[in-house]
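Here the structure is laid out as structure tokens; the discussion comes afterwards.
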Amino acid sequence: MASPKRSTGAVLSSPGAKLRVLATAAEVHPQPAKTEGDGDKLRLKRERNRQAAKRFRQKLKDETETYKTQLSETQALVKVEEAKLAKLQATIKALQSTVDEHECKMAKVTSS
């Protein structure tokens, strides 16, 4: 193998050197041997993840429905309040007209 003083590019320049580096890396970081129980562990992990994802999606659906309901209720309240506001504005307009009429009558009475 190349001496540690050489640059990484020089060590990996030939295919044989690349294999040596990979072999050394495998020796330094060996993978644990697969056992019979690993498949079961993975299957259980996948199933737990699947169930967690299912619960998460259901929770999102429920929250979405809750927010939609709240939005509909709020929009209905807004419409009711807008109707009340329109009614009050019409009342104010009618009262202002009455006040204006009375002021005109008062002005005529005062000027005569």
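Side chains included, hydrogens not; waters and symmetry mates left out as well; all remaining heavy atoms used. All residue numbers refer to positions in the sequence shown, counting from 1.
- The residue from Thr64, Thr66, Leu71 that alone fulfils the side chain to side chain contact (heavy atoms under 4.5 Å, CB included) condition with Lys68 is Thr64.
- At least one side-chain heavy atom of Glu82 sits under 4.5 Å from a side-chain heavy atom of Val78.
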Requested in this report: List the steps, then state whether salt bridge (charged side-chain N to carboxylate O under 4.0 Å, His left out) holds for Asp62 with Lys59.
Outcome: CA-CA 5 Å; Asp62 294 345; Lys59 180 181 173 188; over 6 Å; no
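- Separation of atoms CG (Asn49) and CZ (Phe56) is listed at 13.5 Å; rounding is to 0.5 Å.
- Two residues are said to be in side-chain contact when any heavy atoms from C-beta on lie closer than 4.5 Å; Arg48 and Gln51 fail this criterion.
- Separating the CD atom in Gln89 from the CD1 atom in Ile92 is a distance of 7.0 Å, to the nearest 0.5 Å.
- For Arg50 and Glu47, the salt-bridge test passes: some basic side-chain N is under 4.0 Å from an acidic carboxylate O.
- Side-chain contact between Leu85 and Glu81 is absent, with no heavy-atom pair separated by less than 4.5 Å.
- Remark: Asp100 CG to His102 NE2 distance equals 10.5 Å, nearest 0.5 Å.
- In this structure, Lys54 NZ and Gln58 CD are separated by 10.0 Å, a value rounded to the nearest 0.5 Å.
- For the pair Lys84/Lys87, no side-chain contact is recorded, criterion being any heavy-atom separation below 4.5 Å from C-beta on.
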